[in-house]
Amino acid sequence: MSQGGSAPPGLAGAREVSMTIPVAPEMEIVATAQAAALGEYIAMARDKIDEVKLALVEACINAFEHADCRDEQLHLTFRLGREPKGREWLEVEVLDKGRGFDSSRVEPPSIEKSFAGHRKRGWGLQIIRSLMDEVEITSGGGGTRILMRKYK
Amino acid sequence: MSQGGSAPPGLAGAREVSMTIPVAPEMEIVATAQAAALGEYIAMARDKIDEVKLALVEACINAFEHADCRDEQLHLTFRLGREPKGREWLEVEVLDKGRGFDSSRVEPPSIEKSFAGHRKRGWGLQIIRSLMDEVEITSGGGGTRILMRKYK
Amino acid sequence: MSEACKVSAERRGDVAILRTDGYINNQGGEEIAREAYAQLESGARALVLNLEKTRIVNSIGISILIEVLEKVMDRKGMLAFCGLTPTIDKTFRIMGLAQYAEIYPTQEDALRGVNPQPA
Amino acid sequence: MSEACKVSAERRGDVAILRTDGYINNQGGEEIAREAYAQLESGARALVLNLEKTRIVNSIGISILIEVLEKVMDRKGMLAFCGLTPTIDKTFRIMGLAQYAEIYPTQEDALRGVNPQPA
Ligand SMILES: Nc1ncnc2c1ncn2[C@@H]1O[C@H](COP(=O)(O)OP(=O)(O)O)[C@@H](O)[C@H]1O
Ligand SMILES: Nc1ncnc2c1ncn2[C@@H]1O[C@H](COP(=O)(O)OP(=O)(O)O)[C@@H](O)[C@H]1O
């Protein structure tokens with residue numbers, strides 16, 4: 001996705017922050033601090049920031065739980081941008097160098113299935129898709145990349 | 001510096017978060033969110049976290065103002081550790097690939113000099129050294145690295 | 001870690017009020033479940049979960065809340081939530097929790113909801 | 001940007017109270033200086049800078065506060081700070097600002113300090 005065209009001159013590449021966090025308990029909370037700081041930077045509403053934080057938590061714990069990352073790390077990139085003459089957005093990319101999965105084969109969850117079965121889990125991707133405005137999942141042998149965007 | 005020896009097994013390398021921020025106004029504030037999140041992670045007192053944040057702000061704006069970074073970026077690393085049988089600490093490394101400087105030749109500031117002269121500036125390094133428990137500055141043609149540590 | 005979830009309980013007749021403080025992840029969810037089951041065991045008919053001091057949850061934590069809900073429904077009891085942030089409220093609705101548990105703005109509303117007759 | 005510093009002013013006789021809200025960096029410092037100079041021009045003798053709503057500053061911002069202090073001292077006026085976080089207080093002391101400007105816990109204390117005679 002392209003950088004917003006409206007960045008002031010001299011700020012080329014200025015709207016991207018990247019970070020690496022270890023695969024470790026509660027590091028997802030440390031990551032959300034970054035999402036919040038960048039959301040505040042563009043004066044995004046608090047509730048929208050909270051939605052980005054929750055989606056980010058889900059993406060992180062998925063990688064922690066399922067990816068089996070070779071490097072024991074998660075690579076996060078936060079981007080700020082603006083549609084041509086349009087709304088500003090905050091984009092979060094969560095990249096793991098893990099085993100990958102086929103997201104088209106993940107069965108959608110429902111609370112009734114949760115009650116019937118013993119498996120109450122399976123809500124992460126659903127929550128991410130519902131809370132963010134755009135979500136793109138790319139996964140394969142090299143790992144998984146979740147790209148999610150929220151408009152201001 | 002070594003990783004604290006007390007990290008639970010399976011958390012090898014788990015206590016380091018790295019990030020890259022662009023050289024751009026107020027990105028130093030975005031960076032402080034990370035310091036705060038990691039300080040909270042080890043339950044560091046709020047005032048100490050505030051001191052780390054202010055020292056980090058000074059290190060960032062120094063690089064923004066003086067370093068003339070080739071890559072227009074600042075590389076930050078946050079580390080958590082513990083002295084053998086001792087206190088926990090939060091360490092922040094600020095690395096720029098800029099022009100470097102000789103910190104031994106920076107004149108110490110004083111408010112009287114500030115009043116007398118027209119130059120009120122020159123307080124950044126002094127503030128960093130006063131607010132952090134340990135500070136190490138390495139600088140040369142490849143850039144500048146400020147390593148600063150605060151005990152919990 | 002500062003985010004670790006604390007759970008405190010208060011009993012009013014056969015209604016138990018559980019207040020959470022902090023991140024509801026797997027540990028937080030288990031903390032809540034432990035307290036909820038203790039209350040059910042000792043005769044509580046309705047649980048009010050006050051999440052006022054919780055600003056973040058994850059789906060592992062919520063899945064444990066679904067287990068609690070199921071156990072309460074098995075016993076023909078009631079489960080009510082209150083004090084949800086807009087984002088947690090939205091998430092509970094996405095997951096369909098709101099169809100089986102009531103969601104109230106405040107603890108007073110929740111207490112009235114689980115206890116319609118004058119106390 | 002949410003951190004941009006807002007400055008509001010209130011005049012009580014020849015004392016001007018300036019309240020900041022947000023990050024005191026170069027822009028924030030200049031905002032304060034502009035307001036401070038306007039108050040001095042219009043006859044203020046003492047300035048009270050209430051930083052209660054400022055949680056972070058940087059040395060560029062503080063260097064502008066030193067300029068303001070210098071101008072106040074040139075005019076034999078008074079400058080008092082209040083509402084500092086412990087870290088900002090510490091930083092002002094590191095820089096020696098506390099030797100030339102008074103630092104008070106609250107605005108009331110500061111007003112009493114710059115105005116010892118009954119108002
Ligand atoms: N980063 C990832 N790497 C590998 N597999 C993943 C990843 N994220 C999700 N998955 C797979 O997709 C499934 C559904 O994920 P999700 O909807 O988050 O529910 P849950 O994590 O509760 O199972 C997971 O059970 C897992 O098999
Ligand atoms: N990252 C850096 N790269 C190059 N020069 C630096 C860097 N940090 C500090 N300096 C030099 O050290 C001097 C003192 O820095 P400092 O104490 O922060 O005060 P100030 O930034 O107000 O001048 C600066 O003026 C600059 O010449």
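Here is how names work: the chains are called A, B, and so on, in the same order as the sequence lines, proteins then strands, and each is numbered from 1. It should be emphasised that the depicted structure is a prediction, and the values quoted were computed from it without experimental measurement.
Heavy-atom pairs under 4.5 Å with chain C peak, among A/Q126, A/E112, A/K53, at A/E112. The candidate from C/T87, C/T91, C/L69 with the greatest count of non-hydrogen atom pairs under 4.5 Å with chain A is C/T87. Ranked by heavy-atom pairs under 4.5 Å with chain A, the first of C/M73, C/Q27, C/E70, C/E67 is C/E70. Most heavy-atom pairs under 4.5 Å with chain C: of the set A/L131, A/L54, A/V57, this distinction falls to A/L54.
To the nearest 0.5 Å, the span separating OG on C/S59 from CG on A/N62 amounts to 7.0 Å.
Within a 6.0 Å sphere centred on NZ of C/K71, other residues, nucleotides and ligands contribute 12 heavy atoms or fewer. Heavy-atom neighbours of A/K113 NZ from other residues, nucleotides or ligands within 6.0 Å: above the threshold of 12. Atom CD of C/E10 is surrounded by more than 12 heavy atoms from other residues, nucleotides or ligands within 6.0 Å.
A heavy-atom distance below 4.5 Å is found between the side chains of C/I60 and A/E65. Proximity of A/D47 to C/K90: side-chain heavy atoms (C-beta onward) are nowhere separated by under 4.5 Å. Within the 4.5 Å cutoff, the side chain of C/D74 has no heavy atoms near those of the A/F115 side chain.
If you measure heavy-atom distances from C/I64 to chain A, you find no contacts under 4.5 Å at all. In this structure, chain C has a heavy atom under 4.5 Å from the side chain of A/E58, while its backbone stays farther away.
Each of A/I29, A/I127, A/I61 was scored for a side chain to side chain contact (heavy atoms under 4.5 Å, CB included) with C/N58, with one residue passing: A/I61.
Residues C/I94 and A/W123 approach most closely at O-CZ3, 4.0 Å, considering heavy atoms. Here the shortest heavy-atom pairing between A/R121 and C/S63 reads CD-OG, 3.2 Å.
The stretch residues 99-110 of chain C places C/Q99, C/Y100 near chain A, each with some heavy atom under 4.5 Å from a heavy atom of that chain.
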